Amino acid sequence: MISVEEALDRVLSYVHTLDSEEKPIMDCLGQVLDEDVHSPIVVPPLDNAAMDGYAVRAEDTAGAAASSPVYLEVIGEVRAGAIAEREVVPGTAYRIMTGAPLPPGADSIVRFEDTNEHIQSGQHLARIGVFCQVPPGHDVRRAEEDIARGQLVLNRGTTVRPQEVGVLASIGKAKARVIRRPVVAVLATGDELVEVEQPLPEGKIYNSNSFSIAAQVLRYGGIPRSLGITPDRIESIVDKVKEALDADMLITSGGVSLGDYDLVKDVLAEQGEISFWTVRMKPGKPLAFGAIQGVPHLGLPGNPVSSMVTFELFARPAILKMMGKTNLSKPSVWAVLENSAENTDGRRVFARAIVRKEDDRYLARLTGPQGSGILTSLARANGLAIVPEDVERLNAGDAVQVLMLDWSEE
Ligand code: AMP
Ligand code: MG
């Protein structure tokens with residue numbers, strides 16, 4: 001049995017960052033840029049109004065106050081997207097809307113609120129009374145204040161979030177080069193399994209693992225390819241595994257324990273090579289990892305909770321690494337445990353827990369029975385509370401580290 005850290009090291013040393021693809025920026029969300037992005041344009045392209053009001057020469061407003069307004073002749077109006085036709089010469093002003101380029105001659109904006117326009121209930125005036133003195137550049141957004149021409153705006157290695165999509169669009173870049181998403185083949189093994197659309201014969205159970213695993217693949221950015229179910233027969237498993245040989249990774253569920261029909265690890269040993277089998281953790285002790293013809297194969301245990309927990313610990317970082325991400329660890333918090341948690345046999349325990357914030361600290365409560373078949377208790381949880389290998393028992397009030405299943409990370 002190897003430690004969780006060693007198992008993760010072995011998985012990560014086997015998977016590599018994938019090649020890249022160019023695609024529409026909307027499709028890049030969550031992927032990692034594989035190019036340095038320089039801007040071909042200036043953003044914003046021209047000095048423009050940050051507020052609705054009047055474009056003026058700042059020096060014309062000297063001494064203006066509500067009690068002694070300065071009056072300026074209004075010589076035109078310019079809206080966003082248009083260009084002013086006349087120059088603002090001393091004693092004149094241009095009515096201007098937010099985003100409209102500043103007319104030549106003007107160097108600042110006086111907001112409508114600081115003029116007599118609103119007092120005149122929005123009537124367009126030939127002369128405007130200015131109620132305050134403004135410095136040059138007041139309420140003006142400078143050309144180039146966001147991006148200069150040729151500037152490096154996004155670095156290779158950046159994960160594309162909505163704001164990066166926006167930045168790419170703002171420089172007129174419709175496509176970007178990103179590291180592609182891994183295709184992950186998902187195969188459920190077990191004579192007892194029935195597909196969800198089918199009636200449930202006596203003695204059978206629905207194949208839920210294919211769904212939870214595929215959903216986890218999707219959640220962390222991969223492309224799941226379901227290979228369905230295979231019965232516990234060597235030839236049948238081998239046939240299915242062949243369908244995964246053009247994928248970036250194969251994830252199977254079930255068939256890695258010690259039972260007579262646990263054949264997945266035998267197939268892995270026969271068709272490829274096993275790197276490890278069994279990890280010092282609970283749930284999820286039987287966990288096989290190796291490679292079949294160069295395709296990394298993670299053989300998750302069949303119990304639904306074990307399968308999902310081992311996915312979080314090993315498949316998730318592998319997928320993230322293939323996608324070019326560098327932060328592979330799950331976010332965690334230290335919390336005060338509200339009930340006790342036990343570790344009976346020296347394995348690291350990942351107990352399903354609900355974490356909540358109270359005042360300035362986190363509290364963690366286990367979600368009841370921890371049987372590895374009780375999937376609803378994982379549905380109730382938002383974290384996995386860790387009882388270390390060398391700790392037999394954590395009591396209520398003890399500090400506990402919790403890996404957060406839900407966090408503002410995706
Ligand atoms: P195994 O690891 O193959 O011994 O499976 C352990 C247990 O996990 C089985 O007895 C089933 O109860 C359950 N199980 C295995 N595969 C699945 C699956 N695809 N969906 C739901 N439960 C499963
Ligand atoms: Mg089985």
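All values reported here derive from a predicted model rather than from experimental measurement. Start at 1 and go down the list; that is how both ligands and their atoms are numbered.
Using a 4.0 Å cut-off between charged nitrogen and carboxylate oxygen, R57 and D107 do not count as a salt-bridge pair. Here R156 does not pair with E35 in a salt bridge; the nearest charged N to carboxylate O distance is not below 4.0 Å. In summary, D406 and R219 engage in a salt bridge, as defined by a charged side-chain N under 4.0 Å from a carboxylate O. Looking at D52 and R111, no side-chain N of the basic residue comes within less than 4.0 Å of a carboxylate O on the acidic one, giving no salt bridge.
Residue contacts with ligand 1 leave out Y261, since none of its heavy atoms falls under 4.0 Å from the ligand. A heavy-atom separation below 4.0 Å is found between S208 and ligand 1. Within the 4.0 Å heavy-atom cutoff, G190 does not count among the residues contacting ligand 1. Ligand 1 does not have G259 within reach: every non-hydrogen atom of the residue lies 4.0 Å or more from it.
Scanning the protein for heavy atoms near atom 19 (N) of ligand 1, the closest one is N207 OD1, 2.9 Å. In terms of protein heavy atoms, atom 22 (N) of ligand 1 is closest to I205 CD1, 3.5 Å. Ranking protein heavy atoms by distance to atom 9 (C) of ligand 1, first place goes to E192 OE2, 3.3 Å.
At most 12 heavy atoms of other shown residues, nucleotides or ligands fall within 6.0 angstrom of atom CD in Q293. Around atom CZ of R393, more than 12 heavy atoms belonging to other residues, nucleotides or ligands sit under 6.0 Å away.
In terms of polar-atom proximity, G255 is counted as a contact of ligand 1, with an N or O under 3.5 Å from an N or O of the ligand. Between G302 and ligand 1, at least one pair of N/O atoms sits closer than 3.5 Å. Between N209 and ligand 1, an N or O atom pair is found at a separation short of 3.5 Å.
In the model, Y220 has a side-chain atom that pairs as donor or acceptor with a side-chain atom of E312 under 3.5 Å.
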| request: Step by step, work out the side chain to side chain donor-acceptor pair (under 3.5 Å) result for K242 and Q271. | output: CA-CA 10 Å; K242 284 186 189 140; Q271 305 284 314; over 6 Å; no
| task | Report the C-alpha distance between I109 and V134 in whole Å, list the side-chain angles of each, state the deciding distance to 0.1 Å, and finish with yes or no for side-chain contact (heavy atoms from CB on, under 4.5 Å). | result | CA-CA 8 Å; I109 304 293; V134 292; over 6 Å; no
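Contact atoms of ligand 1 toward D262: 3 (O), 4 (O) (distance under 4.0 Å to a heavy atom of the residue). Applying the 4.0 Å criterion to heavy atoms of S253 picks out, from ligand 1, the atoms 19 (N). Near Y206, with a cut-off below 4.0 Å to any heavy atom, the atoms of ligand 1 are 20 (N), 21 (C). The atoms of ligand 1 that sit less than 4.0 Å from any heavy atom of A188 are 19 (N).
Nearest-heavy-atom check against atom 7 (C) of ligand 1 across V186, N303, T252 picks out N303.
Residue contacts with ligand 1, taken as heavy atom pairs separated by less than 4.0 Å, involve L193 solely via side-chain atoms from C-beta onward. Residue P304 touches ligand 1 through its side chain alone, judged by heavy-atom distances below 4.0 Å.
Residues passing the side chain to side chain contact (heavy atoms under 4.5 Å, CB included) test with A82, sequence neighbours excluded: V78, R79.
Considering only heavy atoms from C-beta on, V130 stays 4.5 Å or farther from Y54 through its side chain.
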